[in-house]
Amino acid sequence: MTQFNLHIVCLDVPYPPDYGGVFDLFYKIKTLHDLAVSIHLHCFEYGRGRQRELEKYCFSVNYYSRKKYQPLSHFRLPYIVSSRVNKDLLKNLLKDDYPVLLEGIHCTYFLFSGELKERKVFVRLHNVEYEYYNELAKSTKNIFRKIYYQQESRLLKKYEMGIANKAAFIAVSEKDKNIYEEIFSAKNIKYLPVFLPFTKIESTTGTGSFCLYHGNLSVAENEKAVVWLLENIFDSLDIPFVIAGKNPTQLLKKSVDKNDNVCLVSNPSEKEMDDLIKKAQIHLLPSFNNTGIKIKLLNALFNGRFIVTNFAAVEGTGLETLCEIANTPEVYKKIIKRLFNESFAEENINKRKIILEGNYNKVESATKLIQWIW
């Protein structure tokens with residue numbers, strides 16, 4: 001038996017790491033296991049299934065169901081929280097006195113209710129959730145989703161204010177840390193970079209032959225970013241543009257069909273996506289949400305060539321100097337035209353190595369986390 005025992009409560013099943021929110025969860029678990037932490041994992045399962053792979057890295061794995069949305073009960077607590085209130089989870093957490101790491105505001109109800117007040121509790125922030133849901137409300141055109149996101153944002157702001165000093169918080173970006181300190185007056189909050197599968201820069205020198213946007217295309221925010229690129233950049237830019245990702249909507253498919261220079265790759269395999277990322281000349285990754293950290297941006301930085309994004313995507317991340325920043329369509333077009341035939345050089349790679357390989361070191365981050373908890 002190891003001397004370090006830790007409960008980790010995950011908002012979703014953290015395997016496979018096939019979307020941005022799960023990267024930090026899975027690679028944190030794997031790295032802590034490698035450093036002899038005995039992990040007692042608790043996760044909410046609502047579609048991803050039970051995953052035997054997790055048993056390789058955890059002393060125990062418990063699954064809980066997530067409650068369905070009930071509009072009449074959605075007045076006091078955010079749904080992302082109320083849907084994860086589970087008495088069996090509390091019962092399992094109270095069987096011992098091990099520290100508890102709650103992954104996301106989603107899993108913090110028993111912190112909010114005071115039933116973990118005698119325990120050492122840490123909360124990993126994945127976003128400033130009230131801001132994230134406010135941005136989702138702006139991104140969606142579906143009136144019912146918009147109302148839901150607006151209500152969730154209002155409830156989350158009040159809820160996050162209420163728990164900001166009930167535990168130690170760990171942010172994924174300096175910007176999120178600053179928001180919690182300034183808006184919620186959090187006294188105990190630290191920054192810890194996200195855990196990633198990438199260990200070194202794999203970008204290749206030379207030139208690619210197309211621009212690329214990649215991401216989960218069923219997410220309203222991502223769809224909004226792609227439609228913005230199509231309507232404001234590639235409305236007049238005669239350069240090949242590839243859009244790749246999971247589950248594109250019919251709206252997005254129709255938007256793509258209007259442009260002969262644009263290609264949509266739906267549900268690419270992991271190998272296909274990796275290939276596209278490596279072969280692209282320019283990664284176009286605008287964001288309309290300025291909280292958290294963008295995994296697709298880090299993926300492109302570790303494995304791709306040039307990146308053009310906006311200030312909202314990189315503010316407070318420390319990645320600003322590694323990207324070309326454009327906040328208007330005119331500037332986007334100007335930068336794309338300049339970079340499209342420019343060779344990606346060794347000096348670009350070396351600059352990334354200095355900033356990324358030091359800051360996003362899984363073992364160093366896990367060691368810090370162990371020191372904070374114990």
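We number each residue from 1, following the sequence as shown.
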Do Y109 and S83 have side chains that approach each other closer than 4.5 Å (heavy atoms only, starting at C-beta)?
no
State, without any angle test, whether D176 and N127 hold a side-chain donor-acceptor pair at a distance under 3.5 Å.
no
Looking at L339, is its backbone amide N or carbonyl O close enough to the side chain of Q281 to form a donor-acceptor pair, meaning the two atoms are under 3.5 Å apart?
yes
Donor-acceptor pair, distance only, cut-off 3.5 Å: does the side chain of N165 make one with the backbone of S185?
yes
Taking the ring centre of each residue, are F112 and Y159 less than 6.0 Å apart?
yes
Indicate yes or no: at least one non-hydrogen side-chain atom of V314 is less than 4.5 angstrom from one of L322.
no
Do NZ/NE/NH1/NH2 and the carboxylate oxygens of E135 and K138 come within less than 4.0 Å?
yes
Do the side chains of V123 and L111 get nearer than 4.5 Å, heavy atoms only?
yes
What's the spacing between I170 CD1 and R124 CZ if we round to 0.5 Å?
6.5 Å
Would you say E221 and S287 are linked by a side-chain donor-acceptor pair, where the criterion is simply a distance under 3.5 Å?
yes
Other than I147, what residues sit in its cluster of Ile, Leu, Val, Met, Phe, Trp and Tyr side chains whose heavy atoms are under 4.5 Å apart, directly or through others?
I143, F144
Gap between atom OG of S255 and atom CG of L229 - 0.5 Å precision:
11.5 Å
N327 side chain near V331 side chain, heavy-atom distance below 4.5 Å:
no
Less than 4.5 Å apart, any side-chain heavy atom of I295 and any of V194?
yes
Those residues that, when tested against D260, pass salt bridge (charged side-chain N to carboxylate O under 4.0 Å, His left out) (two or more places apart)
none
Do you see a donor-acceptor pair shorter than 3.5 Å between the side chains of D96 and H7?
yes
Each residue besides M273 in its hydrophobic cluster should be listed here, by chain and number; the cluster joins Ile, Leu, Val, Met, Phe, Trp and Tyr at side-chain heavy-atom distances under 4.5 Å.
F210, L212, V242, V265, L276, I277
Taking a hydrophobic cluster as the set of Ile, Leu, Val, Met, Phe, Trp and Tyr residues connected by side-chain heavy atoms closer than 4.5 Å, whether directly or through intermediates, do L94 and V121 fall within one such cluster?
yes
Applying ring pair (Phe, Tyr, Trp, His ring centres under 6.0 Å), name anything that partners H33, two or more places apart in sequence or on another chain.
Y57
I want to check something: taking the side chain as every heavy atom from C-beta on, are N299 and H214 in contact at a cut-off of under 4.5 Å?
yes
Looking at N222 and G215, would you say the former's side chain and the latter's main chain have a donor-acceptor pair under 3.5 Å?
no
Quick one: does any side-chain atom of E152 pair with a main-chain N or O of Y149 as donor and acceptor, under 3.5 Å?
no
Do N178 and K175 pair up side chain to side chain, a donor and an acceptor below 3.5 Å, judged on atom types alone?
no
Under 3.5 Å, is there a donor on one side chain and an acceptor on the other for T140 and N142?
no
Answer yes when K279 and D274 have at least one side-chain N-carboxylate O distance shorter than 4.0 Å, and no when they do not.
no
Partner residues of F184 under the ring pair (Phe, Tyr, Trp, His ring centres under 6.0 Å) criterion, sequence neighbours left out
Y130, Y180
Short N-O contact, E103 and K28, less than 4.0 angstrom:
yes
Salt-bridge present (R119, D97; N to O < 4.0 Å)
no
Please assess K157 against E131 for the test salt bridge (Lys or Arg N to Asp or Glu O under 4.0 Å), listing each intermediate value before the final yes or no.
CA-CA 8 Å; K157 187 170 186 179; E131 285 199 339; over 6 Å; no
Any ion pair linking D275 and K271 (charged N to carboxylate O, less than 4.0 Å)?
no
Interatomic distance, CG@L102 vs CG@L11, rounded to 0.5 Å, equals 11.0 Å
Donor on one side chain, acceptor on other, Y15 and R50, under 3.5 Å
no
Angle class for the F344/F306 ring planes (parallel below 30°, perpendicular above 60°, tilted otherwise)?
perpendicular
Distance check, rounded to the nearest 0.5 Å: K30 atom NZ versus L35 atom CG?
11.0 Å
Please find out if less than 6.0 Å separates the ring center of W228 from that of Y213.
no
Residue pairs meeting side chain to side chain donor-acceptor pair (under 3.5 Å), one or both in residues 348-374, sequence neighbours left out, come to S203-R352
Any donor-acceptor N/O pair, E129 side chain to I105 backbone, under 3.5 Å:
no
Should the ring pair Y133 and Y148 be called parallel, tilted or perpendicular, given that the plane angle runs from 0 to 90° and is split at 30 and 60?
perpendicular
Rounded to the nearest 0.5 Å, the CG atom of N259 sits from the CG atom of L264 at a distance of 12.5 Å
Would you say the ring centers of H40 and Y98 fall short of 6.0 Å from each other?
yes
Could you check if a side-chain atom of L196 sits within less than 4.5 angstrom of a side-chain atom of F302, using non-hydrogen atoms only?
yes
Spacing of F23 atom CZ and D18 atom CG [to the nearest 0.5 Å]
8.0 Å
Taking D235 first and then K333, would you say they form a salt bridge - that is, a charged N and a carboxylate O separated by under 4.0 Å?
yes
Between K56 and E53 (salt bridge meaning N to carboxylate O under 4.0 Å), is one present in this structure?
yes
